[in-house]
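What follows is a single structure, written as C-alpha cells, with notes after it.
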2 protein chains.
Amino acid sequence: MARVSIKDVANRLGVSTATVSLVLNGKDKDGRVSENMAEKIRKEAKAMNYKPNNFARALRSGRSETIGLIIADISNPFFSHLAFHIQEHAERFGYSVIITNTNEDTAKMGKMISVLKSRQVDGFIIVPTENGKKYIDELLQDQFPLVLLDRYFSGINVSYVGVNNFQASMQATDYLLKCGCKRIALVIYKTNLRHMQERRDGYVAALAKYDLYDSRLIKEIDYRTIVNDMNRVVFDLMAGKEKIDGFFFSTNTISTLGLKKLAELNIKTPDDIKAVCFDKNDAFDFPGIAIPFVQQPIHEMGKRAVELLIEQMTRQQVLPVHEELTAILNKFS
Amino acid sequence: MARVSIKDVANRLGVSTATVSLVLNGKDKDGRVSENMAEKIRKEAKAMNYKPNNFARALRSGRSETIGLIIADISNPFFSHLAFHIQEHAERFGYSVIITNTNEDTAKMGKMISVLKSRQVDGFIIVPTENGKKYIDELLQDQFPLVLLDRYFSGINVSYVGVNNFQASMQATDYLLKCGCKRIALVIYKTNLRHMQERRDGYVAALAKYDLYDSRLIKEIDYRTIVNDMNRVVFDLMAGKEKIDGFFFSTNTISTLGLKKLAELNIKTPDDIKAVCFDKNDAFDFPGIAIPFVQQPIHEMGKRAVELLIEQMTRQQVLPVHEELTAILNKFS
DNA sequence: CTGAAAGCGCTTACAG
DNA sequence: CTGAAAGCGCTTACAG
C-alpha cells in the first residue's frame with residue numbers, strides 16, 4: 001500500500017531523482033540522459049510499480065489535467081450522452097472530467113464554476129444557462145481555457161461547438177411543408193439563447209418562402225412551468241378554431257411532453273397531425289410515437305469540444321473558433 | 001490572476017503561516033490562537049480572496065476529497081439519475097465526484113479503477129459488472145473505502161446499497177396474478193449477479209405459492225445481443241402454442257425493447273397482455289405504453305451510498321453495511 | 001551526461 | 001499563545 005515515489009526508484013538505482021523524473025517524463029532525449037540509464041530507469045520504475053503522485057505534479061506544474069464540464073440538465077438524454085462522449089474523449093488525452101449540473105439555473109451555474117475553480121480544473125466546457133453570460137465573461141477575463149457547447153451568446157468572443165440550428169430547422173419545417181402542411185406551429189422556449197433563436201429563424205425562413213408564416217403559430221413556453229405550458233399550448237392549438245396541421249417541437253423535452261399530450265387527446269401522428277422535432281427521445285423507439293427528428297452528431301460534438309479545449313490548454317494564444325456541425329433530419333425512412 | 005497563498009496572508013499580518021493555517025482550518029479552538037488574532041486572520045483572508053490550493057493540501061494530507069464513481073451504463077436513465085444524485089449529495093460534504101462508465105465491460109471496469117486510483121480518489125462507489133468480483137477483492141485488500149451500488153456479489157464482505165429485489169419482484173408478480181394471469185413469463189439477463197437472481201427468486205416464489213411456476217417461462221437473454229434476443233424471446237412467447245398471459249420484464253432496458261416488440265406485433269398492453277417491469281422508462285409517460293413498474297428510490301440510493309462511503313473515509317475501521325432500501329410497485333393508479 | 005538544490009503551498013509536530 | 005522548520009513528491013533551472 002505504501003506508494004513508491006520517484007525517490008525510491010532513484011535510491012534503488014543510485015541516481016538522482018532529477019534523472020528519474022526526466023526519463024519518466026520522456027525528456028531524456030536531446031542527449032540529456034544516456035539511453036542505457038534511461039532504459040534501466042524505465043525498467044526499474046515498472047518493476048517497482050511506480051505511479052506518479054498527481055498532486056505533487058499538479059502543485060509543481062500548476063496543472064491538474066482535469067476538465068470541468070458544466071451541463072444544463074443531466075436527466076436529458078441528449079446531455080447525458082454528450083457528457084459520456086466528452087469523458088471518453090478526454091480520457092484519451094489523459095484528462096479526467098468532473099461533470100456538474102445546473103438544472104438550467106444561472107445561480108447554480110455560478111456556483112459550479114466556483115466549485116470547479118477550487119478543484120483547479122485546467123479548463124471548462126460549458127452548456128450555459130440563459131442568463132449566464134456574465135459568468136462566461138468573467139472566465140474569459142481571467143483567461144481560463146473555455147469552450148461553450150450547444151449554446152452560445154452573441155457579442156462574446158469565445159470558442160463554441162454546436163450545430164447548424166438554422167439549416168436543420170429549415171429542413172425540418174420543409175419536411176412538414178412537403179407533407180402538405182399549411183399551418184405549422186412551432187413550440188419553443190421563451191429565451192434569448194442564440195441557438196433557440198436560430199431554430200426559430202429556420203422555421204420562419206422556411207415558411208416565409210411559401211408565404212405561410214403566421215407569427216401567432218409560434219408558441220413560447222417557460223422551462224420552469226413546462227408541463228402546464230405544454231398542455232395548454234397543445235390543447236389550444238388543437239382546439240382552436242383555426243386548425244393546425246403540423247407541429248415543430250424545438251427540443252427533446254418539448255416534444256416528449258407534446259406527444260404525450262397529443263396521445264392523451266387521442267390525436268395520432270402522423271395520421272391526424274404531422275410532427276417533427278429537434279433531438280431524439282427514447283420513446284421514439286416505439287412505433288406509435290416515432291416522428292422524424294433532427295439528429296445531432298452528439299459523439300462528434302463531444303469530441304470537438306474536447307479537442308478545441310485541449311488546444312487552448314496546451315498552446316498559447318489560440319483564437320476562438322466557432323464550429324458548427326451538421327445535424328440532419330432523420331425520417332425513419 | 002496570481003493566486004493568494006497562505007504566506008501572502010501571513011506576511012500581510014506579520015504572523016506565521018502556521019497560525020494562519022490553524023485558524024483557516026478551524027483548529028484555532030482549544031486555546032491555540034487568540035480569538036482576536038483569529039478574527040483578524042479570517043477577515044484578511046477573505047479580503048484578499050484567499051483560496052486554498054487543493055493540490056498542496058492533498059499532497060500534504062494524502063487526501064483528495066474526491067469520490068470515484070463507476071457505473072455500468074450512463075445511457076440508462078436509471079444510472080444517469082443515480083450519478084446525478086450521488087454528485088449532488090457528495091457536493092454537500094465538500095467532495096467532488098469523477099464519474100466513469102464501463103458499458104458492462106469487466107476489462108473496462110478494471111481500467112477505470114486504475115484511472116481513478118491514479119487520480120487518487122479517496123474512495124469508490126461502484127456498480128460492478130458481471131465478472132468484476134476480482135477487482136472488488138483487490139480494492140478491499142488494499143483497504144480502499146468502497147461501496148457497491150445496485151449490485152453485489154455473494155461471499156464478499158463489503159458495504160452495499162441496493163433495493164429489496166426479492167420482495168419487489170414478488171410484489172410485481174403478485175400484481176399480475178391478481179390481474180388473473182396464469183402463465184407469466186420472466187425475461188431476465190443471463191448473469192450471476194446477485195440482484196438479478198433475487199429478482200428471479202421473487203418471481204419464482206410468488207408463482208410457487210399458487211403452483212404456477214414453470215421454469216420454461218423464464219427466458220434468459222444476453223446483454224451484448226439484447227436486441228436480437230428480445231425480439232426472438234417475445235416473438236416465441238407470443239407465437240408459441242402455450243399462450244402467455246403476462247410478462248415480467250426484469251429491467252428498464254429489457255422492458256423498453258420488449259414493449260417495442262409487442263407494439264410491432266400489434267399486441268397491446270394491458271388489453272391483449274399484461275406486463276410489469278423493474279424500473280421506470282421515459283417512454284412510460286405515454287398513455288399507450290404505460291405499464292406498472294417497480295420504482296426504485298434513486299435519490300435515497302445515491303444519498304445512502306455517499307453517506308456510507310464518507311463514513312468509511314472519515315472514520316477508522318467501519319464495519320461493512322448492507323443496506324436494502326424499499327422499492328415498490330407503481331401502478332399508475 | 002548527471003546531481004544537488006530550490007521551491008510549488010500547505011500542515012503539523014516541536015520548541016519556546 | 002505563536003513561530004521556525006521540516007516535509008509531502010515532484011520538476012526544473014543551475015552547476016559541473
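Residue numbers begin at 1 in each chain, while the letters A, B, ... track the order of the sequences.
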Return the value, rounded to whole Å, for the distance between atom [atom1] of [X] and atom [atom2] of [N].
| X | N | atom1 | atom2 | result |
| --- | --- | --- | --- | --- |
| L59(B) | dT11(D) | CG | P | 12 Å |
| L22(A) | dT11(D) | CG | P | 9 Å |
| R57(A) | dC10(D) | CZ | P | 8 Å |
| K40(A) | dT2(C) | NZ | P | 9 Å |
| N11(B) | dA4(D) | CG | P | 11 Å |
| R63(B) | dT11(C) | CZ | P | 13 Å |
| R60(B) | dT12(C) | CZ | C1' | 5 Å |
| N54(A) | dC10(D) | CG | P | 10 Å |

Flag for R151(B)-T129(B): side-chain donor and acceptor within less than 3.5 Å:
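Distance-only check fails for T129(B) and R151(B).
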Think S16(A) has a side-chain N or O under 4.0 angstrom from the OP1 or OP2 of dG3(C)?
yes
Taking 4.0 angstrom as the limit, do D137(B) and K133(B) come out as a salt bridge?
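Salt bridge present between D137(B) and K133(B).
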Given dG3(C), dT11(C), dT11(D), which nucleotide is nearest the side-chain atoms of I6(B)?
dT11(C)
Closest to the A18(A) side chain: dT2(D), dA5(D), dT12(D)?
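Of dT2(D), dA5(D), dT12(D), dT12(D) is nearest to the side chain of A18(A).
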Under 4.0 Å between any heavy atoms, over every strand shown, what does S21(A) touch: base, sugar-phosphate, or nothing? Just pick one.
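Touches a base.
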When you measure from the side chain of T314(B) to the backbone N and O of I310(B), does any donor-acceptor pair fall under 3.5 Å?
yes
Determine yes or no for a side-chain-to-main-chain donor-acceptor pair under 3.5 angstrom, with S61(A) supplying the side chain and R57(A) the backbone.
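It does hold such a pair.
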Report the base-pairing partner of dC14(D) (Watson-Crick or G-U wobble, both distances below 3.5 angstrom), or none.
dG3(C)
